[in-house]
Amino acid sequence: MNTDKISYLIEAVESGTFTAAAEKLGVTQSGLNRQISSLEEELKTTLIVRSRKGVRLARGTEKIYARLKAICRQESILREELAEFHGVLCGELVIGAYYSAAVSWLPKVVKEFSLRHPYVSIKIVDGVDRSLIEKLDGGELDCAIIANPPKGYDWYPIIETEYVVWLPPDHQLKDKKDLKPSDLSDLPMVYPRVHEDTDIDNFFVVNKLKPIVKFETKGPSSAYAMVAAGLGISVNNLLQSRSLKGNVLVRSFSPRKKLELGILLPPVESATPAMLAFLALAQKHRLTLADQAGETEP
């Protein structure tokens, strides 16, 4: 079976249209369609539905599609292992990362990895725990840097940080000592990504609090800006706070509410050589809370 045909199928399904897939692959739409039709003839199965709206998997072919993706991945691993045998690390590494890790910790590690292994291409996909786990399950990621690991995966802690509260500079809590989660009750909240299974959601669940969400945002940077404008307070983590600048007070809780991020991947035995090399480097760059000392207001 020609795995090039399979890769064409995968790109068409993931892109949603022949136009987008052909552009990414650098082929004509007719050529792309011929390759997929040839694969369907070989398997004696209609794999996709073609319509004016685009391309989607044919009903009942989900398991077949997953198996075809697995075949492509295994070939990719084999190529990387052969290259490694000959002393060259190559291939593609797709890393899913929680927003705070993607902007604060990851760039430095990726830079060093790229200098060591210039023939490995890297793609970063940022998101929250739930979406990254779904992509990892679907074989779209080699690993995911998340906060709340599910069962059935290998997880390697790499970042220790803490929950903090963002306050406008003139807020009533600005001088409060021994700040507790309960002090946030009944205060208007600027909340990024409501109910998307984030570490912020987990903070409120663990501390048995129901936030009063005054404003919702799609990301931490907009939440930070709204806090700076005096529209409310927000909870996030210290690592995320390091990447943002503005007129916002960053306060720790007492005692500190710690949060740990780690690299999640399927059983390590199935990892590619590039993934194993990245994991080893990431563990050398473990970030502790002590490394972030002095970055919150007393």
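One is the number of the first residue; the rest follow in order along the sequence. All values below were derived from every heavy atom in this structure, side-chain atoms included, with hydrogens, water molecules and symmetry-related copies excluded.
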For residues [X] and [Y], determine if any side-chain heavy atom of one lies less than 4.5 Å from a side-chain heavy atom of the other.
X      : Y      : result
Asn202 : Leu259 : no
Ile10  : Tyr65  : yes
Asn237 : Phe203 : no
Ser254 : Lys177 : no
Pro150 : Ile133 : yes
Leu43  : Leu68  : yes
Leu47  : Val13  : no
Leu187 : Gln172 : yes

Report the distance from atom [atom1] of [X] to atom [atom2] of [Y], rounding to the nearest 0.5 Å.
X      : Y      : atom1 : atom2 : answer
Gln240 : Tyr224 : CD    : OH    : 10.5 Å
Ser252 : Leu289 : OG    : CG    : 7.5 Å
Leu136 : Ser131 : CG    : OG    : 11.0 Å
Leu261 : Leu106 : CG    : CG    : 11.5 Å
Leu209 : Lys180 : CG    : NZ    : 13.0 Å
Gln35  : Glu11  : CD    : CD    : 14.0 Å

Under a single-linkage definition using a 4.5 Å side-chain heavy-atom cutoff for Ile, Leu, Val, Met, Phe, Trp and Tyr, are [X] and [Y] assigned to the same hydrophobic cluster?
X      : Y      : value
Ile159 : Val103 : no
Leu281 : Val268 : yes
Leu179 : Val206 : no
Leu173 : Ile200 : yes
Leu238 : Val227 : yes

Is [X] reaching over with its side chain to a backbone N or O of [Y], donor-acceptor style, under 3.5 angstrom?
X      : Y      : result
Ser114 : Val110 : yes
Thr61  : Ile64  : no
Ser7   : Asp4   : yes
Ser15  : Thr17  : no
Asp129 : Asn148 : yes
Glu40  : Ile48  : yes
Trp105 : His285 : yes
Ser234 : Val190 : yes
Thr3   : Ile6   : no
Thr161 : Leu239 : yes

For the residue pair [X] and [Y], what are the closest heavy atoms and their distance?
X      : Y      : answer
Ala101 : Pro107 : O-CD, 4.2 Å
Ala274 : Cys90  : CB-O, 4.3 Å
Ile146 : Trp155 : O-NE1, 3.8 Å
Trp166 : Pro220 : CZ3-O, 3.7 Å
Phe18  : Ala12  : CE2-CB, 4.0 Å
Leu276 : Ala271 : CD2-CB, 3.8 Å

Short N-O contact, Lys69 and Glu14, less than 4.0 angstrom: yes

Are Glu112 and Lys108 within salt-bridge range, i.e. N to O under 4.0 Å? no

Do other residues, nucleotides or ligands put more than 12 heavy atoms under 6.0 Å from Gln283 CD? yes

Walk me through it: do Arg50 and Ile36 pass the test side-chain contact (heavy atoms from CB on, under 4.5 Å)? CA-CA 11 Å; Arg50 302 157 173 84; Ile36 296 175; 3.7 Å; yes

List the steps and the verdict of side-chain contact (heavy atoms from CB on, under 4.5 Å) for Leu265 and Asp142. CA-CA 7 Å; Leu265 66 161; Asp142 290 290; over 6 Å; no

Judged by modelled atom types alone, do Ser30 and Thr28 share a side-chain donor-acceptor pair under 3.5 Å? yes

Using a 3.5 Å cut-off and no angle test, enumerate the donor-acceptor pairs between side-chain atoms of residues 91-99 and protein atoms at least two apart in sequence or in another chain.
unit_1 : atom_1 : unit_2 : atom_2 : d
Tyr98  : OH     : Asp199 : N      : 3.2
Tyr98  : OH     : Asp199 : OD1    : 2.0
Tyr99  : OH     : Arg193 : NE     : 3.3
Tyr99  : OH     : Arg193 : NH2    : 2.6

Go through Glu134 and Arg130 one step at a time and tell me if the side-chain contact (heavy atoms from CB on, under 4.5 Å) criterion holds. CA-CA 6 Å; Glu134 288 174 355; Arg130 183 168 60 193; 3.8 Å; yes

Before giving the answer on side-chain contact (heavy atoms from CB on, under 4.5 Å), spell out for Arg251 and Lys174 the whole-Å C-alpha distance, their side-chain angles and the decisive distance to 0.1 Å. CA-CA 8 Å; Arg251 294 283 194 266; Lys174 67 176 183 176; 4.1 Å; yes

So which of Asp126, Ile124, Ile158 actually passes side chain to side chain contact (heavy atoms under 4.5 Å, CB included) with Ile145? Ile158

